[in-house]
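Here the structure comes first, spelled out in structure tokens, and everything after it is commentary.
Chain identifiers are assigned alphabetically (A, B, ...) following the order of the sequence lines, protein sequences preceding nucleic acid strands; residue numbering begins at 1 within each chain.
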Amino acid sequence: MTIQELAPLASAFYDDQPTLEVARALIGRTLARRVAAGLVAGIIVETEAYIGAVDPSAHGYRGQTARNGAMFGPAGRAYVYFTYGMHHCLNVTTEPQGAAGAVLIRALEPTHGLELMRERRGSGLSTRNLCRGPGRLCQALAVTLADNGADLRGPALWIAETPDSACAFSIATSPRIGISQATDWLWRFYVPGNRYVSGRPWR
DNA sequence: CTTGAGATGTTCT
DNA sequence: GAACATCTCAAGA
């Protein structure tokens with residue numbers, strides 16, 4: 001597996017389709033991270049869409065603030081926020097400049113740098129739990145507020161076609177996790193049956 | 001495997 | 001003060 005095979009997706013991927021289509025299209029692509037010690041990456045298996053203009057559960061629905069500013073910027077950037085006093089969450093911005101949109105990356109199937117992930121997450125951790133959940137994958141990939149606003153075609157954090165993605169997979173939808181408004185909208189996308197998808201049974 | 005509860009700090013009302 | 005796009009641990013089945 002070479003770096004060449006993990007070339008970043010073009011900006012048109014983010015600019016030329018609406019948020020819900022980006023959320024669906026991100027399933028099966030690879031999120032990659034370059035740190036000093038090497039390459040860390042995984043296949044995106046779960047996403048959620050948030051559209052500020054119409055979505056009461058989206059950051060940005062009640063206007064722009066210092067925290068959610070990246071959602072209002074250009075598409076194809078990182079929007080990182082800190083929540084629950086402990087965890088970071090990574091989003092891909094969508095929609096044109098001035099409109100708030102983002103896709104939350106909720107889970108990865110780890111493919112590269114599993115030992116580097118364990119250094120950050122815990123040495124005895126099962127592969128299944130390295131990136132299963134938005135807070136967990138940020139810790140595994142060392143994503144922090146320092147990445148907020150970064151272009152997702154950059155040298156340190158980017159999204160690419162998945163090499164050898166010949167195997168077929170399907171995409172299912174469901175209500176989003178952990179929100180209290182618009183709870184019946186099917187704006188969560190995931191690979192059904194994949195072990196690395198997050199969420200508790202009753203949700 | 002499942003379930004319940006506590007942690008922790010920023011943001012907004 | 002309350003809410004929050006969550007996680008970990010411990011105990012039960």
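When each of C:dC4, C:dT8, C:dA5 is scored by its nearest atom to the side-chain atoms of A:Ile179, the top-ranked nucleotide is C:dA5.
There is no path of hydrophobic side-chain contacts, each under 4.5 Å, that joins A:Tyr190 to A:Leu186. Linking ILVMFWY residues whenever their side-chain heavy atoms come closer than 4.5 Å, directly or via other members, leaves A:Val35 and A:Trp158 in distinct clusters. Residues A:Val40 and A:Val80 fall within the same hydrophobic cluster, defined by Ile, Leu, Val, Met, Phe, Trp and Tyr side chains chained together at heavy-atom separations under 4.5 Å.
Counting only residues at least two apart or on different chains, the salt bridge (charged side-chain N to carboxylate O under 4.0 Å, His left out) pairs with a member in residues 55-79 of chain A are A:Asp55-A:Arg176.
Computed from coordinates, the A:Arg176 CZ to C:dA5 P distance equals 10 Å when rounded to whole Å. If you take CG of A:Asn129 and P of C:dT6, they are 16 Å apart, rounded to a whole angstrom. Summarising the geometry, the separation between CD on A:Glu46 and P on C:dA5 is reported as 16 Å, rounded to the nearest angstrom. Summarising the geometry, the separation between NE2 on A:His59 and C1' on C:dA3 is reported as 11 Å, rounded to the nearest angstrom. Atom CD in A:Gln139 sits roughly 7 Å away from atom P in C:dT8 (whole-Å rounding). Atom CD of A:Glu48 is separated from atom P of C:dC4 by 15 Å (rounded to the nearest Å). At whole-Å resolution of the value, CG in A:Leu137 and C1' in C:dC7 are 13 Å apart. Spacing between atom CG of A:Asn148 and atom P of C:dA5 amounts to 16 Å, rounded to whole angstrom units.
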Quiz: residues 123-143 of chain A side-chain donor-acceptor pairs under 3.5 angstrom, not counting sequence neighbours:
{"unit_1": "A:Ser126", "atom_1": "OG", "unit_2": "A:Asn129", "atom_2": "N", "d": "3.4"}
{"unit_1": "A:Ser126", "atom_1": "OG", "unit_2": "A:Asn129", "atom_2": "ND2", "d": "3.4"}
{"unit_1": "A:Thr127", "atom_1": "OG1", "unit_2": "A:Arg118", "atom_2": "NH2", "d": "2.8"}
{"unit_1": "A:Arg128", "atom_1": "NE", "unit_2": "A:Arg195", "atom_2": "O", "d": "2.9"}
{"unit_1": "A:Asn129", "atom_1": "OD1", "unit_2": "A:Arg132", "atom_2": "NE", "d": "3.3"}
{"unit_1": "A:Asn129", "atom_1": "OD1", "unit_2": "A:Arg132", "atom_2": "NH2", "d": "3.1"}
{"unit_1": "A:Arg136", "atom_1": "NH1", "unit_2": "A:Arg132", "atom_2": "O", "d": "2.7"}
{"unit_1": "A:Gln139", "atom_1": "OE1", "unit_2": "A:Arg121", "atom_2": "NH1", "d": "2.8"}
{"unit_1": "A:Gln139", "atom_1": "NE2", "unit_2": "A:Arg120", "atom_2": "O", "d": "3.0"}

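At a threshold of 4.0 angstrom between heavy atoms, the contacts of A:Arg195 with the nucleic acid are absent. Nucleic acid contact class of A:Arg121 (heavy atoms, under 4.0 Å, all strands): sugar-phosphate only.
Between A:Arg106 and C:dT6 there is a side-chain N or O to OP1 or OP2 distance below 4.0 Å.
The hydrophobic cluster around A:Tyr50 extends to A:Met71, A:Phe72, A:Tyr79, A:Tyr81, A:Leu104, A:Ile179, counting ILVMFWY residues whose side-chain heavy atoms fall within less than 4.5 Å of a member.
Annotation: the span from A:Leu90 atom CG to A:Ile105 atom CD1 amounts to 6.0 Å, rounded to 0.5 Å.
Each of A:Ser180 and A:Gly133 was matched to the nucleotide of DNA chain C holding its nearest heavy atom; the match closer to the 5' end belongs to A:Ser180.
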> What would the secondary structure line of DNA chain C be in dot-bracket form, counting Watson-Crick and G-U wobble pairs under 3.5 Å, with [ ] for pairs that cross earlier ones and | for pairs with another strand?
Replying inline: ||||.|||||||.
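Considering A:Ile44, A:Ile43, A:Thr111, A:Leu26 in turn, A:Ile44 is the only one that fulfils the side-chain contact (heavy atoms from CB on, under 4.5 Å) rule with A:Leu31.
For A:Arg29, the salt bridge (charged side-chain N to carboxylate O under 4.0 Å, His left out) test picks out A:Glu161, with sequence neighbours left out.
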> When every nucleotide of nucleotides 6-13 of chain B is labelled 5' to 3' by its protein contacts under 4.0 Å (heavy atoms), B for base, S for sugar-phosphate only, - for none, what sequence of letters results?
Replying inline: -BBB--S-
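Stacking is found between A:Tyr50 and the pyrimidine-like six-membered ring of the C:dA5 base under the 5.5 Å centre-distance and 30° plane-angle cut-offs.
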